[in-house]
Amino acid sequence: MDGFFGVAMIVWYAAGAVTVASIAFLLLAVGAVATRRVEAGPGWPTPPLVTLLKPLCGDEDGLEGALESFFSQQIDFPLRIVFGAADPLDPALAVARSVAARHPDTTTEFVIDRRVRGANPKVSNLINMAEAGLDDIVAISDSDIIIAPGTLQAAIDRLAAPGVGAVTTAYRARPGIAGDRVRSFGAWNIDYWDLPMQLLFARLTPLSVTYGPLTAVRGEVLASLGGLGALADHLCDDAALGRLVRATGHSIAFTPAIAETLINDASAGELFRHELRWARTVRGLEPLGYVMSVVSNPGPIPLLLLLRPGWAALAMIASPIVLRWLLARLVARTLGRADGFATPGLIGVWLRDLACFAVWVSAFTVAHVGWRGQRLGLHDRDLLSPARQRQR
């Protein structure tokens, strides 16, 4: 019996430590969001030539509007948009061509190339697209991204600052179908868990990663890295690009604006697998940091404080939920949110945190991730294609 109580006390102290750390993390996140300041760029004395790479892979809800948002930018530099796909029958190509046809004044190119260049399918597509040529500045953006007018100009202007080798945008979410419960549940994770973490980490340490929604890099910096081919076997090509840029001695800066990424997981299972891929990616890149990240989504752990019930335990259990609820409202008020997308209530916050915790735990058990219908293995923090696995 004494052994049981001894174990119970160890569990109680561990739960208390995680809960206190979670409260501290959320307070820091509140501070990072409340005090967010992003510098505008000085701009270029001579407008640079810009290539925007848009890899395509499948149609989805909201895709046409997302692509339209890039053609509708207000810019004062020459822009060339390059779309790429591996499959000539990819339905996203028809959508992109339709949007491009409405903007004949924008130089637009399409690259359809089945060649596989490395293990990462997205980067393979980008490498094929780059053969069409790159300009002074190379911008890369996923297909399911929506940006406000002026965002691209602000990003290019920010890149003109001395010592800045790349700029990237923080991002929030937009459900592909407004009001859809599963899509909204997934969007909560981006807006109220991930976005505050992006801003907090950038406040605590120099920005060392870039993000898929929109990244722009100086052409000479990208060339010094070995081009896009340097990212070919990385599971998280965005993080890899950031690390490589930093290794050249250049800094990375946030753009003033925040982009939106479409959430189009149609079922709870699809959403879980999508978030599991993200989590497994982070675990591969930063194993220790991933373990410590439980403080950002403690889930049911604070409930273990009921091993010693009382008002103090109830207050500790409620604190992370209330703080996350307040943080969600602060994010929505200061950083904005997608039209028609509601912030969660206290119960919604707790359910979303439980889901985040379930994904966090599950990432310790998987050796493969799913991506666009493909099953991809992980090895030494990189992504391996099934073909490479057979050759080993």
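Keep in mind that what you see is a predicted model, and the values were worked out from it rather than measured.
In this structure the side chain of P55 reaches within 4.5 angstrom of the side chain of M129, judged on heavy atoms. For the pair L207/F201, no side-chain contact is recorded, criterion being any heavy-atom separation below 4.5 Å from C-beta on. Between P256 and E39, the closest side-chain pair of non-hydrogen atoms is not below 4.5 Å. Looking at V164 and I252, their side chains never come closer than 4.5 Å, going by heavy atoms from C-beta outward. Residues R174 and T261 form no side-chain contact, since every pair of their non-hydrogen atoms from C-beta on lies 4.5 Å or further apart.
Judged by distance alone, the side chain of S141 and the main-chain N or O of P213 form a donor-acceptor pair under 3.5 Å. Put simply, the side chain of Y290 gets close to the backbone of W360: a donor and an acceptor are under 3.5 Å apart. Under a 3.5 Å cut-off, the side chain of E60 and the backbone N or O of D144 do not form any donor-acceptor pair. The backbone N or O of R115 lies less than 3.5 Å from a partner atom in the side chain of S124, making a donor-acceptor pair. No donor-acceptor distance shorter than 3.5 angstrom exists from the side chain of E109 to the backbone of V82, with no hydrogens or angles considered. Between the T210 side chain and the T215 main chain, no donor and acceptor come within less than 3.5 Å of each other. Put simply, the side chain of D61 never gets that close to the backbone of I177: no donor and acceptor are under 3.5 Å apart. Looking at T151, its side chain does come within 3.5 Å of a backbone N or O of A148 through a donor-acceptor pair. Proximity of a side-chain donor or acceptor of R158 to a complementary backbone N or O of A166 within less than 3.5 Å is not detected. Formation of a donor-acceptor pair under 3.5 Å by the Q198 side chain with backbone atoms of Y171 is found in this model.
The line from CE of M197 to CD1 of I190 is 11.0 Å long, rounded to the nearest 0.5 Å. Here the CD1-CD distance, from I145 to E260, works out to 9.5 Å after rounding to the nearest 0.5 Å. Of the inter-residue distances, the one linking I321 atom CD1 with I347 atom CD1 reads 10.0 Å to the nearest 0.5 angstrom. One distance of note links CG of D90 with CG of D59; it measures 8.5 Å at 0.5 Å rounding. Interatomic distance, S98 OG to E68 CD, rounded to the nearest 0.5 Å: 9.0 Å. Rounding to the nearest 0.5 Å gives a distance of 4.5 Å between CZ of R308 and CH2 of W12.
Residue Y13 places its OH atom among 12 or fewer non-hydrogen atoms of other residues, nucleotides or ligands, all under 6.0 Å distant. Annotation: W193, atom CH2; neighbour count of heavy atoms from other residues, nucleotides and ligands within 6.0 Å is above 12.
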Side chain to side chain contact (heavy atoms under 4.5 Å, CB included) evaluation trace for K122 with D238: CA-CA 11 Å; K122 170 189 163 184; D238 308 317; 3.5 Å; yes
Criterion side chain to side chain contact (heavy atoms under 4.5 Å, CB included) on R324 and R329, from CA distance to verdict: CA-CA 9 Å; R324 181 69 73 177; R329 272 145 184 76; over 6 Å; no
Residue pair T169, I147: steps toward the side chain to side chain contact (heavy atoms under 4.5 Å, CB included) verdict: CA-CA 10 Å; T169 180; I147 58 175; 5.9 Å; no
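Minimum heavy-atom separation, L63 to S143: CD1-O, 3.5 Å. When all heavy atoms of A202 and F254 are compared, the pair lying nearest together is CB-CE1, 3.5 Å. The shortest heavy-atom contact between S184 and G179 is OG-C, 4.2 Å. Contact detail for R36 and T255: the closest heavy-atom pair is NH2-O, 3.8 Å. Contact between G176 and N264 at its shortest, heavy atoms only, is CA-OD1, 3.1 Å. Contact detail for V295 and S22: the closest heavy-atom pair is O-OG, 2.9 Å.
When the side chains of ILVMFWY residues are joined at heavy-atom separations under 4.5 Å, either directly or via intervening members, I258 and F70 end up in two distinct hydrophobic clusters. At a threshold of 4.5 Å between side-chain heavy atoms, the hydrophobic network of Ile, Leu, Val, Met, Phe, Trp and Tyr places L323 and L28 in one connected group. Residues I140 and I127 share a hydrophobic cluster, clusters being chains of Ile/Leu/Val/Met/Phe/Trp/Tyr side chains in contact below 4.5 Å. Placement of L214 and L244 in two distinct hydrophobic clusters is found when ILVMFWY residues are connected by side-chain heavy-atom separations under 4.5 Å, directly or transitively. Hydrophobic clustering of Ile, Leu, Val, Met, Phe, Trp and Tyr side chains at less than 4.5 Å, counting indirect connections, unites V20 with L306.
Side-chain contact check for W278 and D194: no donor-acceptor pair (N or O, by modelled atom type) lies under 3.5 Å. Using modelled atom types, one finds no donor on one side chain facing an acceptor on the other under 3.5 Å when comparing N297 with D353. In the model, R283 has no side-chain atom that pairs as donor or acceptor with a side-chain atom of S293 under 3.5 Å.
When each of T106, T51, T107, T108 is paired with R80, the side chain to side chain donor-acceptor pair (under 3.5 Å) condition holds for T51 and for no other. Among L67, V111, L52, L53, the single residue meeting the side chain to side chain contact (heavy atoms under 4.5 Å, CB included) criterion with F83 is L67.
For the pair R183 and E270, the salt-bridge criterion is not met [side-chain N within less than 4.0 Å of a carboxylate O]. A salt bridge does not link K54 to D142: none of the charged nitrogens lies less than 4.0 Å from a carboxylate oxygen.
Partners of A187 according to the side chain to side chain contact (heavy atoms under 4.5 Å, CB included) rule, which considers only residues two or more places apart in sequence or in another chain, are A173, P175, I263, F341. P48 is linked by a side chain to side chain contact (heavy atoms under 4.5 Å, CB included) to W44, V50, F77, D136, I137, I156, counting only residues two or more places apart in sequence or in another chain.
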